[in-house]
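Input: a single structure, listed below in C-alpha cells.
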Amino acid sequence: MNARVPGSAADYLGAFRRISGILPGQHLDWLRQARAEAIGRFSQQGFPTLHDEDWKYTSVASIEKGRFNILPTASDNLLAPQVALHALPDSHLLVFVNGRLDPGLSRPGRLPPGTVLSSLAYQLEQDQDWPEDTLVTYPPASPFADLNLAFMADGAYVRLPPEAALAAPIQLLFITSEANLAVQPRNLLVAGAGSSASIVEQHVALGESSYFTNTVTDILVGSGATLEHHKVQQESPAAFHIATVNVSQAAKSRFTSTSFALGARLARTGIAVKFQAEDAHCTLDGLYLSDGRQHVDHHTWIDHQKPRCTSRELYKGILNGASRAVFNGRVVVHPDAQGSDAQQTNHNLLLSENAEIDTKPQLEIWADDVKCSHGATVGQLDEDQVYYLRARGIGEASARVILTRAFAKEIIDRVGPLSLQERLDQLLQHKLPRQ
Amino acid sequence: MLDIRNLHVSVDGKPILKGLDLSVKAGEVHAIMGPNGSGKSTLAHVLAGREGYVVSSGEILYQGSNLLELNVEERAQQGILLAFQYPVEIPGVANVYFLKAALNALRRHRGLPELDAIDFLALIRNKLKQMEMDESLLYRPVNQGFSGGEKKRNEILQMVLLEPTLALLDESDSGLDIDALKVVAAGINGLRSPQRAIVLVTHYQRLLDYVVPDKVHVLADGRIARSGGRELAIELERTGYGTPADHPGRQAATP
Ligand SMILES: Nc1ncnc2c1ncn2[C@@H]1O[C@H](COP(=O)(O)OP(=O)(O)OP(=O)(O)O)[C@@H](O)[C@H]1O
Ligand SMILES: [Mg+2]
C-alpha cells in the first residue's frame with residue numbers, strides 16, 4: 001500500500017473528481033475531455049523534481065507538501081481602496097479576487113468597438129464552439145500547465161479586433177486574500193491582425209499568508225500586431241507562484257514581454273514564444289529582486305520556427321540575503337529559420353555573499369544563416385562608481401542604493417505604459433535593500 | 001590648509017609616493033607637473049580618500065587635522081573636491097539627479113535645507129551657462145557617452161556647483177579645445193578666494209597662462225623634485241623633465 005502524502009498528486013485527482021462538475025465550460029465535450037486527460041497525466045507524473053532537466057535548479061517539494069484548497073471558501077469583501085492601491089490611474093481594469101472576476105471592483109472603461117475584455121469563465125459558458133486549440137496545447141508546457149487546465153475556473157479573456165489600437169493599458173489585477181488557497185487563473189489574450197495594446201498582468205496579495213498561484217496565460221499575436229505583456233509578480237512573502245506564458249506570433253508581429261519578480265517565497269515564470277511565421281520580432285525583458293530565502297526562477301524559450309525573425313532578451317537580477325535565482329534562456333533555431341537573429345543577455349548583481357545565481361543560455365541552432373549571441377554577467381556594484389559618488393559627498397549606503405536602482409531602472413524604462421513605469425519605480429524604492 | 005609631510009604610499013604593494021612634502025596655504029593656487037606615471041593622480045586620490053592606497057608613513061593635515069582619519073564622503077563634506085582625470089561613467093543615473101544628490105548631501109552636512117527640484121534647476125542652469133554647457137547634458141546618464149571635453153567640463157561644473165574649500169584638479173585641461181580651456185580657466189579663477197586653495201595637476205603651461213599659479217612643483221618618481229614660481233612652468237615647457245633623477249649616470253635636467 002502506498003502511503004498518501006498530503007498534497008500529493010493523488011489528492012489533486014481526488015479533488016478533481018469532487019468538483020469538476022462545477023468548473024466552467026464543462027458543456028464543451030472537448031474541454032471536459034481535455035481536463036480529464038490533464039488531471040490523469042498529472043496524477044501519474046506528479047510534480048516535477050530536480051531530476052527533470054527543466055526543474056534542475058528549482059525544487060517544488062514545498063508546493064507538493066503544501067495542502068491547498070481548490071475552491072475559495074467565501075467571497076471576500078474587498079474594499080475599493082485596497083484595489084485603488086494597485087490600480088493604474090489610466091487602465092482598463094479587471095480585478096480578480098481569489099481567482100474569480102469581481103465585476104464590482106473592475107473598471108473596464110471605454111474600449112474600441114469590437115474589443116472584448118471579459119472573464120474566461122463567462123466566455124466559456126456563453127460560447128458553444130470555442131476553438132479547442134486556443135486552450136489546449138500538446139505537449140503541455142509542464143505538469144503545472146496540466147494542473148491549471150484541469151482546475152482553471154476563471155481568468156481574463158481579451159480579444160482585440162483587427163486594427164484596434166488601445167491608448168491606455170489593460171490591467172489584469174489578481175488579488176489573493178485567502179490563506180492556503182490554490183489559485184489557478186487562466187488568461188487568453190488574442191490580438192487581431194494589425195492591432196496594438198499593452199496588457200499588464202499583476203499578482204498581488206492582501207496580507208502575508210501562504211497560498212499557491214498556478215497561472216497560465218496564452219497569447220496569440222496576429223499578423224502585424226503589436227502586443228506588450230507586462231507581468232508584475234508581487235505575491236505575499238509566503239506564497240508560491242508558478243506561471244506559464246505561451247506566446248504564438250504570426251507574420252510581422254511584434255511582441256514585448258517584461259517580467260517583474262518582486263515577491264513570493266518561490267516563484268517560477270516560464271515564457272515560451274513561438275514564431276509561427278516570418279518577420280516577427282519579440283523582446284523579452286525581466287527584472288528579479290530577491291532577498292532572504294526567496295527563490296526566483298525564469299525560464300524563457302524562443303522558438304525560431306520560421307525565417308527572418310528577431311528576438312532580444314535582457315534579464316537583470318538583484319540578489320540579496322541567502323536568496324537564489326535561476327535564469328535559463330533557451331533559443332531554438334529550426335533548419336528552415338534562415339536569417340534568424342537572436343540576442344540574449346543576463347546581468348546579475350549579487351549584493352550578498354550568500355546569494356546564488358544559476359544562469360544558463362541554451363542555444364540550439366540548426367540553420368546556418370543566423371546571428372545568435374548571448375552573454376551573462378554576475379558581479380557586484382562597480383567600486384569606481386561608488387567612489388565617484390562618495391567623492392561628491394554622497395554617503396556610501398546612499399551611493400550603493402543609487403547604483404542598484406540605476407541597474408534596475410534600465411528594465412523599468414523599457415516598460416511602455418508610463419503609469420506602470422512610475423508604479424514600478426516606487427515599488428523598487430521600497431524593495432531595494434537599504435544596506 | 002594642506003600640509004603633507006614625508007608621505008609614502010603604495011598601491012598593490014608597489015611604492016608610488018616616496019617621501020612627498022607639500023604645503024598649500026589658503027588663498028593659494030599650486031600647479032603640480034611631472035612626467036607620466038610619476039604619481040600625480042595617486043596623490044590626488046590619496047587626498048580624496050580612495051580605498052586601496054596604503055599610507056606606510058608620513059602625514060596629511062587638512063585644516064590642521066589628520067585627513068587620513070576621514071573616509072571619502074567625509075572629506076568631500078569637509079570641502080575637498082577632486083576633479084577626476086578620468087571621470088567615471090554611471091549608466092542609469094541622470095546627471096541632474098547626481099548633481100542634486102551631491103549638492104544636497106553637502107547642504108545636509110552643513111545644516112542647510114535641501115534644495116527642491118525647482119530651486120536646484122534654477123541654480124544648475126546658471127552654472128551650465130557659466131560653463132557654456134548644453135542643458136541636454138543634464139538629462140543624460142552621468143558622463144556616459146560624453147566627449148572627452150564634455151567630461152572635463154562636467155567636472156568643473158561640479159566644482160562651481162559644490163564650491164569646495166580645497167579643489168584638486170587632475171588634468172582638467174587635457175583634451176580641451178582652446179575655447180573650452182578658457183571656460184574651464186574662468187571657472188577655476190571664479191573660485192579663487194582667500195578662503196580656498198586650488199591644486200592643479202597639469203602637463204601644459206597653457207592652462208597656467210589663464211590660471212596663474214602661486215607655486216609650481218615638479219613631481220618626479222614619487223617626490224617633489226623641484227618647486228618654484230610660475231617661471232618654472234615656462235622653463236619646463238621649453239626643456240622638458242629630462243631623464244629621471246635616479247637614472248644611472250644622469251642628473252635631472254636642470255640647466
Ligand atoms: N593599482 C595599481 N597597481 C600597480 N601600479 C599602479 C596602480 N595604480 C597606479 N599604479 C602605478 O602608479 C604609478 C603612478 O600612477 P599615477 O596615475 O599616479 O601617475 P600620474 O603621475 O598621474 O601619470 P599621468 O601623467 O600619466 O596621469 C604608475 O606607474 C601607475 O602604473
Ligand atoms: Mg594622472
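Here the structure is a predicted model, which means the values were calculated and not measured. Side-chain atoms are counted along with the backbone in the values below, which use heavy atoms only and exclude waters and symmetry mates. Letters go in sequence order (proteins before strands), and every chain restarts at 1.
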Nearest 0.5 angstrom please: A/Ile394 CD1 to B/Phe98 CZ, how far?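 So the gap between those two atoms works out to 6.0 Å.
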In Å, rounded to the nearest 0.5 Å, how long is the span from CD1 of B/Ile90 to CG of A/Leu389?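 Here the interatomic distance stands at 4.0 Å.
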Could you tell me how the ring of A/Tyr387 sits relative to the ring of B/Phe84: parallel (under 30°), tilted (30 to 60°) or perpendicular (over 60°)?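 Taking B/Phe84 first and then A/Tyr387, their aromatic rings sit tilted (interplane angle of 30° to 60°).
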Quick check on [X] against chain A: is it the side chain, the backbone, both or neither that has a heavy atom closer than 4.5 Å?
{"X": "B/Leu106", "value": "side chain"}
{"X": "B/Leu162", "value": "side chain"}
{"X": "B/Pro141", "value": "neither"}

Heavy-atom closest pair, residues B/Ala76 and A/Ala391: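 Taking every non-hydrogen atom into account, CB-O, 3.4 Å.
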Nearest heavy-atom neighbours spanning B/Ala105 and A/Gly393: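 Between these two residues, the closest heavy atoms are CB-O, 3.3 Å.
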Taking side chain as everything from C-beta outward and backbone as N, CA, C, O, which of these in A/Gln385 sits under 4.5 Å from a heavy atom of chain B? Side chain, backbone, both or neither.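 The answer is both parts of A/Gln385.
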Check this for me: does any side-chain nitrogen of one of A/Arg392 and B/Glu155 sit under 4.0 Å from a carboxylate oxygen of the other?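 Between B/Glu155 and A/Arg392 there is a salt bridge, with a charged N closer than 4.0 Å to a carboxylate O.
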Salt-bridge criterion met for A/Arg390 and B/Glu51 (N-O under 4.0 Å):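 Looking at B/Glu51 together with A/Arg390, the answer is yes, because their closest N to O distance falls below 4.0 Å.
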Picking from B/Gln78, B/Arg50, B/Arg75, B/His45, which has the most non-hydrogen pairs under 4.5 angstrom with chain A?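 Most heavy-atom pairs under 4.5 Å with chain A: B/Arg50.
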So which of B/Gln77, B/His109, B/Gln158, B/Glu74 has the largest heavy-atom pair count under 4.5 angstrom toward chain A?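 Top option by heavy-atom pairs under 4.5 Å: B/Gln158.
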Could you tell me if the side chain of A/Phe407 sits less than 4.5 Å from the side chain of B/Pro91, heavy atoms only?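 No; the side chains remain at least 4.5 Å from each other.
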So for atom CZ, which belongs to B/Arg107, do other residues, nucleotides or ligands contribute more than 12 heavy atoms lying within a distance under 6.0 Å?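 Enclosed: over 12 neighbouring heavy atoms sit under 6.0 Å from CZ of B/Arg107.
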